[in-house]
Amino acid sequence: METKPDPAPRSGGRHYGLDWLRIGAFAVLILYHVAMVFVPWGFHVKSTHIASWLTLPMLGVNAWRLPLLFVVSGYASRALLARYPHPGRFAQNRSMRLLIPLGFGIAIIVPPQPWVELVTQHGYEGGLLGFWLHDYFGFRLLDGVSLPAWNHLWFVVYLWVYTLVLAGLVAVVRSDAVQRVFDRLFSGWGMLLAPIAWLTCVHAWWFTMQGETHALIDDWVAHTTYLPAFLFGFGLAGSPSALAATVRLWKPAAVLALAAYAAVLAFELSYAAKYWAWTWRLRPYGFAHAVQQWAAIVALIGIAERFWNRDAGVRPMLTEAVFPFYIIHQTIIVVVMFWLLGLSLPGWAEFAVLVGATTAGCWAFYLGGRAIPRFRPLIGLRQQQRPAVPALL
């Protein structure tokens with residue numbers, strides 16, 4: 001007899017399936033950033049073993065990995081807002097939880113990344129300490145590298161801004177009419193079609209396959225993708241009918257996502273030599289990207305709702321560890337790869353060392369920081385555990 005998952009909670013309560021999905025998405029993110037060392041795309045440090053073929057599996061997750069995290073963060077915001085029902089208190093609580101580790105990260109965690117980039121790619125000759133004391137806080141460009149930097153912590157910046165937008169909307173909109181419209185729109189095939197239509201406009205027409213800047217002010221392609229995803233997650237947390245729609249649609253959504261990924265691969269493989277010369281392909285490429293992006297998200301949420309919505313003893317620790325892992329992981333990757341450059345190891349060995357060192361370093365950072373009360377807020381942890389409230393990143 002098949003075991004059915006626990007019913008999804010209403011009004012933004014703990015959803016174990018989305019917890020597991022968030023944990024898995026961050027695991028994928030860490031592997032993705034390790035892989036960035038070995039692909040031709042720009043990154044803070046590069047291995048001498050560049051493998052162009054590695055970009056193809058990375059494109060399988062590139063479209064949906066970040067929008068999914070914003071959806072899950074929006075979903076968790078519903079429970080947090082229920083705990084702090086006044087929008088001002090909600091915004092204040094989220095600001096403390098996000099801005100303190102953000103400031104700590106920019107000042108202490110991130111600096112080795114631009115230093116390694118300047119040393120390995122721009123011939124910078126100063127040491128790390130001298131760089132941190134004399135150059136890092138210069139608020140200028142140094143050989144094209146903007147200093148100081150938030151690098152991978154851009155996600156925290158955007159999440160904070162979107163949280164303030166949400167708090168403002170909650171303060172202004174007091175009616176349940178918006179939630180009822182959400183329920184009607186996303187309780188059927190609109191769950192797939194409406195967001196795909198929007199994302200097609202974003203990626204195929206308004207900002208035709210433009211890259212993100214992660215600079216906040218000028219990053220409209222990101223904001224038109226991630227802010228709606230965040231608000232969608234907030235609405236989803238209050239809509240059992242929309243969650244049920246993801247369960248009904250996860251199979252066709254998965255087929256759509258795989259078909260769109262195949263189209264993306266066809267574009268990449270057929271025109272790799274003259275990619276930007278074939279400008280006519282950018283709109284169909286943008287459409288395929290949009291379909292892959294949203295169909296994968298619907299499929300994954302449907303799978304999480306249908307099969308993963310159950311607890312396990314290790315889940316609370318993994319859920320709590322995600323934010324500290326995120327804060328530290330990229331610096332570990334960059335510093336360890338910088339050290340590996342002098343060892344002339346084969347590519348497979350570099351990859352294995354990077355994965356092992358990053359995993360061990362993330363756990364050490366989380367467990368060590370968790371054990372020191374005054375250090376906990378710096379790495380995004382609460383002073384006291386409150387299991388009933390979902391962790392949020």
Side-chain angles (χ1 to χ4, degrees), residues 23-62 65-66 105 108-132 135-136 142-145 147 149-155 211 214 265 268-269 272-273 275 318 321-322 324-369 379:
I23 292 164
F26 272 98
V28 169
L29 179 67
I30 291 174
L31 287 173
Y32 187 94
H33 283 163
V34 170
M36 284 293 294
V37 171
F38 300 96
V39 295
W41 303 336
F43 196 57
H44 307 289
V45 64
K46 306 299 294 186
S47 169
T48 57
H49 306 286
I50 299 299
S52 297
W53 64 267
L54 192 56
T55 62
L56 301 181
M58 291 174 70
L59 287 169
V61 300
N62 190 49
R65 59 190 177 89
L66 290 168
I108 304 298
I109 302 298
V110 170
Q113 298 181 36
W115 175 73
V116 168
E117 181 176 351
L118 287 166
V119 169
T120 59
Q121 300 177 24
H122 300 280
Y124 184 84
E125 296 181 355
L128 175 58
L129 181 60
F131 167 76
W132 186 74
D135 290 322
Y136 181 68
L142 181 58
D143 289 330
V145 179
L147 301 173
W150 53 49
N151 287 8
H152 66 293
L153 298 181
W154 70 267
F155 182 90
H214 299 163
L265 291 183
E268 291 285 341
L269 293 173
Y275 180 81
L318 293 177
V322 163
F325 273 45
Y326 179 75
I327 291 170
I328 195 63
H329 80 280
Q330 186 162 292
T331 294
I332 296 174
I333 292 169
V334 171
V335 171
V336 172
M337 188 62 238
F338 178 65
W339 173 72
L340 289 173
L341 287 175
L343 300 183
S344 300
L345 298 177
W348 65 266
E350 289 181 346
F351 183 84
V353 171
L354 280 174
V355 172
T358 303
T359 302
C362 286
W363 275 111
F365 182 75
Y366 161 62
L367 294 174
I379 65 172

Quiz prompt | Residues that Pro111 engages under side chain to side chain contact (heavy atoms under 4.5 Å, CB included), provided they are two or more places apart | solution =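 Result, side chain to side chain contact (heavy atoms under 4.5 Å, CB included) vs Pro111: Trp132, Tyr136.
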
Quiz item: His214: what forms a ring-ring contact (aromatic ring centres under 6.0 Å, His included) with it, not counting sequence neighbours?
Solution: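 By the ring-ring contact (aromatic ring centres under 6.0 Å, His included) rule, His214 matches Trp154.
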
Quiz item: Can you find a heavy atom in the side chain of Val145 that is under 4.5 Å from one in the side chain of Glu117?
Solution: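 Yes, side chains in contact.
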
Only pairs under 3.5 Å count here: list side-chain donor-acceptor contacts from residues 48-61, not counting sequence neighbours, and write none if there are none.
{"from": "His49", "atom 1": "NE2", "to": "Leu345", "atom 2": "O", "distance (Å)": "2.7"}
{"from": "Thr55", "atom 1": "OG1", "to": "Ser52", "atom 2": "O", "distance (Å)": "2.8"}

Throw together a table of side-chain donor-acceptor distances under 3.5 angstrom for residues 329-344, partners on residues two or more places apart or in other chains.
{"from": "His329", "atom 1": "ND1", "to": "Phe325", "atom 2": "O", "distance (Å)": "3.4"}
{"from": "His329", "atom 1": "ND1", "to": "Tyr326", "atom 2": "O", "distance (Å)": "2.8"}
{"from": "His329", "atom 1": "NE2", "to": "His33", "atom 2": "ND1", "distance (Å)": "2.7"}
{"from": "Gln330", "atom 1": "OE1", "to": "His33", "atom 2": "ND1", "distance (Å)": "3.4"}
{"from": "Gln330", "atom 1": "NE2", "to": "His44", "atom 2": "NE2", "distance (Å)": "3.4"}
{"from": "Gln330", "atom 1": "NE2", "to": "Gln113", "atom 2": "OE1", "distance (Å)": "2.8"}
{"from": "Thr331", "atom 1": "OG1", "to": "Ile109", "atom 2": "O", "distance (Å)": "2.8"}
{"from": "Thr331", "atom 1": "OG1", "to": "Gln113", "atom 2": "NE2", "distance (Å)": "2.8"}

To the nearest 0.5 Å, what is the distance between [atom1] on [X] and [atom2] on [Y]?
X      : Y      : atom1 : atom2 : result
Ile327 : Ile108 : CD1   : CD1   : 13.0 Å
Phe38  : Phe43  : CZ    : CZ    : 10.5 Å
Ile379 : Ile328 : CD1   : CD1   : 9.5 Å

Give the table of side-chain donor-acceptor pairs shorter than 3.5 Å for residues 354-369, with sequence neighbours excluded, one pair per line with atom names and distance.
{"from": "Thr358", "atom 1": "OG1", "to": "Leu354", "atom 2": "O", "distance (Å)": "2.6"}
{"from": "Thr359", "atom 1": "OG1", "to": "Val355", "atom 2": "O", "distance (Å)": "2.8"}
{"from": "Tyr366", "atom 1": "OH", "to": "Glu320", "atom 2": "OE1", "distance (Å)": "2.4"}
{"from": "Tyr366", "atom 1": "OH", "to": "Arg370", "atom 2": "NH1", "distance (Å)": "3.2"}

Quiz item: Any donor-acceptor pair under 3.5 Å linking the side chain of Lys46 with the backbone of Met36?
Solution: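 A pair under 3.5 Å: yes.
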
Exercise. Please report the closest heavy-atom contact between Leu153 and Gly105, naming both atoms and the distance.
Key: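 Shortest heavy-atom contact: CD1-CA, 3.6 Å.
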
Quiz item: Minimum heavy-atom separation for Phe131 to Leu142, with atom names?
Solution: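 Smallest heavy-atom distance, with atoms named: CE1-CD2, 4.5 Å.
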
Practice problem: Check side-chain hydrogen bond (donor to acceptor under 3.5 Å, both in side chains) between Asp135 and all other residues, then give those that pass, not counting sequence neighbours. | Solution: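 Residues passing side-chain hydrogen bond (donor to acceptor under 3.5 Å, both in side chains) with Asp135: Tyr124, Arg140.
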
